[in-house]
Amino acid sequence: MSRENDGWIKTTCAYCGVGCGVEARPKLSGELEIRGDKSHPSNYGKLCTKGIALGDTIITDGRLLTPTLNPNDQPQALDWSSATTLIADKFSQAIRDYGSDSVAFYVSGQLLTEDYYVANKLMKGFIGSANIDSNSRLCMASSVVGHKRAFGSDTVPVCYEDLELADMVVLVGSNLAWCHPVLFQRLRAAKQVNPELNVVVIDPRKTESCDIADQHLGLHSGSDVALFNGLLTYLDQHQHLDHTYIKAHTQGFEQALQAARAQADIAEITGLSHQQLDEFYHAFATQQKVVTLYSQGVNQSSIGSDKVNSIINCHLASGKIGYPGCGPFSVTGQPNAMGGREVGALANTLASHMEFDNPQHHQLISDFWHTDNLATQPGLKAVELFDAMAEGKIKAVWIMATNPMVSLPDSDKIRKAMQTCPFVVVSDCIADTETTRMADLVVPAQGWSEKSGTVTNSERRISRQRRVMPSPGMAKPDWWIISQVASKMGYAQHFNYRHEGEVFAEYARLSTLGNLSGERDFTLIGLTQLDDQGYSRLTPQQWPVVKLQTEIVNQRLLTKGRFYTPDGKANFIATHHKAPHDGTSNRFPLLLNSGRTRDHWHTMSRTGLSARLGEYRTQPYVQIHPNTAAYYGITSNQLVKIHNTQGQSLARAEICAQVLPGQLFMPIHWNNATAKQSKPCALIAPFTDKLSGQPEFKHTAVSIAPYALQSAARFVTRTMVTLDGVEYWARQKIEHGYLYHIESSLPAHQLANLLKQQLHSGYDQLLSVDSGSAGSQQRWVTVCGEQVLQALHVWAQSLPAPVDDLSELLKSPFSDELAGALLALPTVA
């Protein structure tokens with residue numbers, strides 16, 4: 001284990017694809033100290049707000065501690081032997097009765113590579129189906145398609161260092177400042193060192209990334225292909241093509257150029273002026289070293305694959321690829337999205353960048369795994385998978401480390417799918433998520449700081465995530481749980497791993513099959529001789545790893561103009577602008593965009609446990625332009641309803657000019673486990689890219705209206721509570737407990753009567769006071785010994801919101817003086 005003399009353990013952050021090195025040190029109190037790893041080449045000691053607060057999330061609140069059958073209906077605790085036997089029996093029975101394609105795994109970029117590898121091996125290698133897909137389908141699938149079409153493989157050619165070496169960095173559909181903050185810090189520092197570095201942000205929103213931008217192109221939603229087709233045409237018309245590179249290293253250029261030339265009305269389609277277009281095109285054409293960094297604004301689209309290839313086309317045409325400071329750069333959203341792509345945990349790939357349509361690859365893997373049942377064709381992609389579940393075609397599904405009830409589009413359909421499937425097992429570290437609520441069996445997996453393995457970041461750098469803390473309850477590594485099930489399905493000799501290092505060793509050897517001369521981009525041949533100690537002490541390695549890297553390296557791929565296509569040449573792809581599926585109408589005239597906010601992550605199961613992260617954004621919100629707000633009669637901080645035929649969502653109105661008139665932006669994090677009726681995916685239709693299967697999360701037609709309310713409340717409690725019968729609540733972690741923000745259409749006295757039922761019975765004292773007509777303002781406080789357990793304050797919406805902070809009550813010992821203060825309701829006008 002990599003441990004400093006003073007107790008600091010080197011590991012890797014649990015959040016985005018930057019893959020920051022972290023040092024963690026357990027304290028005698030059970031808390032965890034966190035600092036950045038100054039030796040890690042991804043971040044050199046820097047951490048974002050989420051990374052700094054990792055130690056706050058190492059608490060047992062809400063942890064899943066034991067395998068549990070029927071967790072939401074007469075729950076029954078099981079031991080591990082019974083739980084894994086049940087999973088094995090249910091899957092085996094479905095396979096016997098309905099065939100191997102009747103079962104499925106839905107996995108996650110939160111898994112470690114070793115977990116991913118074992119899951120993929122079991123499903124594709126021994127069950128014999130390719131019905132394993134990852135939630136990375138929701139963020140990276142279009143990039144995978146774009147890379148494979150252009151380069152012949154899922155190759156990310158650049159390094160983080162290229163941002164610092166470039167003359168120009170173009171951010172497309174990426175709020176790097178919030179979604180990959182440490183990478184943004186590196187870019188900002190590079191611009192401070194070199195003020196001539198030209199930064200362009202292409203995004204319908206004016207995001208925080210624009211703080212360092214020389215130009216912001218606030219293009220119309222979904223118009224990226226038209227923009228980059230225009231750039232390709234500009235390069236041709238102004239003699240900025242690299243004809244030598246095109247002729248020597250590419251094919252299909254004329255077809256791509258012809259498609260680009262056919263693109264008319266670029267200014268009208270993009271909403272950009274001719275001056276803005278010319279300025280951007282000229283800068284790209286004349287700067288020698290350009291990096292185009294893109295993320296979900298490109299990928300999460302019904303034409304995401306074409307968006308990716310329209311960007312790559314411009315780099316190929318200008319020869320700005322394979323050199324320091326140059327190239328298209330897809331940044332991954334999750335800590336191990338890249339690792340999942342490496343092992344093949346997507347339904348349309350085999351393993352280790354080997355493909356279904358290559359008979360040699362199929363034979364190599366069959367022989368290596370000693371199986372005659374390797375899947376022969378792609379399986380169901382994420383949205384297709386849940387469609388098949390809803391149609392009754394999937395009889396058993398295993399969901400690992402992800403929350404599809406929140407993250408997939410069309411939440412009602414996902415609910416139906418999980419209700420229809422006869423057996424749903426969920427592996428998670430959190431007991432109560434919208435997905436665990438739908439499970440027949442939940443099993444406790446280790447969380448960050450407890451599990452051990454590897455992750456791969458956006459620049460192909462593999463880092464160790466190390467065990468720092470003991471696992472609570474009966475939590476186990478995902479690879480162990482999967483291996484136990486595989487053994488009980490009859491495959492024990494193929495899954496008899498003693499520890500995660502043995503899994504990694506097998507995975508590294510697999511990468512070398514038919515690849516001794518670099519036939520594929522991905523190889524770990526330099527790590528195949530690691531012993532247990534070498535794996536334990538492994539430092540960051542950037543693949544391809546031809547030999548063990550004892551110092552930091554920055555390797556670029558495609559540097560010799562050689563690609564991984566049959567003829568070694570890159571492919572230009574003819575791309576065509578196509579409007580998004582979901583257009584606005586008189587009934588739904590606004591466009592909803594979705595994404596991340598700064599201090600939260602995915603569905604908040606981890607960041608929602610940090611009080612300091614909860615302070616930044618306490619409730620779900622929607623950004624709305626002042627003109628749009630005025631038109632709909634919406635005021636700042638008002639609760640509003642965003643709705644369409646899919647469903648509705650409630651959020652606080654944040655009136656700002658960051659969004660264009662007629663557009664809205666909502667963060668993705670809040671859901672029915674953390675806020676009532678505040679889930680953006682309830683609004684999003686399941687339109688997908690026909691090639692990548694990636695859903696269109698960035699372009700949804702909706703309407704908006706103020707939400708009629710009569711009362712509001714704040715409720716502080718030391719433990720989580722269930723607030724049934726309330727239209728809107730949002731939970732915020734505070735020091736020593738939780739704060740619930742509540743609003744209702746009920747009169748204040750009725751809301752008070754409803755919420756009083758949530759007061760715990762185990763108290764010594766109950767203090768209460770009310771004032772105003774018909775109980776328009778009321779307060780209850782429960783006390784046990786010297787501790788305030790809960791405090792509830794209800795008031796009518798006609799009154800101004802009280803300014804007192806109930807959360808302070810959980811910090812102070814109870815006293816007569818405090819009792820007097822509690823009984824003095826805040827004065828209102």
Side-chain angles (χ1 to χ4, degrees), residues 1-4 9-13 17-23 36-46 112-114 117 153-165 182-183 186 322-325 327 329 332 335-339 341-343 352-353 452-466 500-513 515-560 562:
M1 179 180 295
S2 181
R3 182 191 289 266
E4 304 280 334
I9 299 170
K10 291 182 182 294
T11 184
T12 311
C13 184
V18 175
C20 293
V22 171
E23 292 182 339
D37 181 356
K38 293 181 180 179
S39 68
H40 199 287
S42 295
N43 58 313
Y44 295 105
K46 301 291 186 182
L112 302 184
T113 300
E114 293 76 1
Y117 177 82
S153 63
D154 182 15
T155 303
V156 177
V158 301
C159 308
Y160 292 163
E161 182 187 52
D162 290 315
L163 297 176
E164 296 150 343
L165 299 177
V182 171
L183 204 53
R186 289 185 64 165
Y323 301 98
F329 189 8
T332 52
N336 203 27
M338 184 73 80
R341 288 150 66 177
E342 293 163 10
V343 303
S352 194
H353 287 203
S452 172
T454 57
V455 293
T456 308
N457 73 1
S458 295
E459 63 167 353
R460 314 182 317 279
R461 200 175 300 275
I462 299 168
S463 298
R464 288 281 277 111
Q465 225 181 70
R466 291 184 170 89
E500 63 277 7
E502 291 187 343
V503 181
F504 184 85
E506 181 177 310
Y507 156 67
R509 292 196 303 274
L510 177 66
S511 75
T512 70
L513 300 184
N515 198 21
L516 297 180
S517 300
E519 288 85 354
R520 298 193 306 278
D521 57 346
F522 175 68
T523 180
L524 302 181
I525 191 171
L527 303 180
T528 54
Q529 301 304 312
L530 286 178
D531 58 14
D532 291 351
Q533 188 177 69
Y535 175 76
S536 178
R537 294 179 176 177
L538 188 65
T539 58
Q541 307 282 309
Q542 189 182 43
W543 66 258
V545 186
V546 178
K547 63 180 180 178
L548 180 67
Q549 297 163 6
T550 56
E551 297 180 351
I552 295 170
V553 300
N554 288 291
Q555 301 181 98
R556 291 160 191 87
L557 293 177
L558 316 179
T559 54
K560 298 179 180 179
R562 176 187 172 277

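None of the values given here were measured: they were computed from a predicted structure.
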In Å and rounded to the nearest 0.5 Å, what is the [atom1] to [atom2] distance from [X] to [Y]?
X: R562; Y: L557; atom1: CZ; atom2: CG; result: 10.5 Å
X: Y507; Y: Y117; atom1: OH; atom2: OH; result: 10.0 Å
X: W543; Y: T523; atom1: CH2; atom2: OG1; result: 10.0 Å

Backbone N or O of [Y] within a donor-acceptor pair of the [X] side chain at under 3.5 Å?
X: Q542; Y: P540; answer: no
X: T155; Y: P157; answer: no
X: D37; Y: K10; answer: no
X: T456; Y: I462; answer: no
X: R509; Y: L524; answer: no
X: Y44; Y: G36; answer: no

(message) Consider side-chain hydrogen bond (donor to acceptor under 3.5 Å, both in side chains). Of R466, E114, R464, which one does S452 pass it with?
(response) R464

Check whether any side-chain heavy atom of [X] sits under 4.5 Å from a side-chain heavy atom of [Y], and report yes or no.
X: N457; Y: T332; value: no
X: C20; Y: K46; value: no
X: V156; Y: F329; value: yes
X: H353; Y: N515; value: no
X: T11; Y: E23; value: no
X: S511; Y: E342; value: no
X: V158; Y: R556; value: no
X: E506; Y: L510; value: no

(message) Please list all pairs meeting salt bridge (Lys or Arg N to Asp or Glu O under 4.0 Å) that have one or both residues in residues 452-461, counting only residues at least two apart or in different chains.
(response)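 As it turns out, the salt bridge (Lys or Arg N to Asp or Glu O under 4.0 Å) pairs with a partner in residues 452-461, which skip direct neighbours, are E459-R461.
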
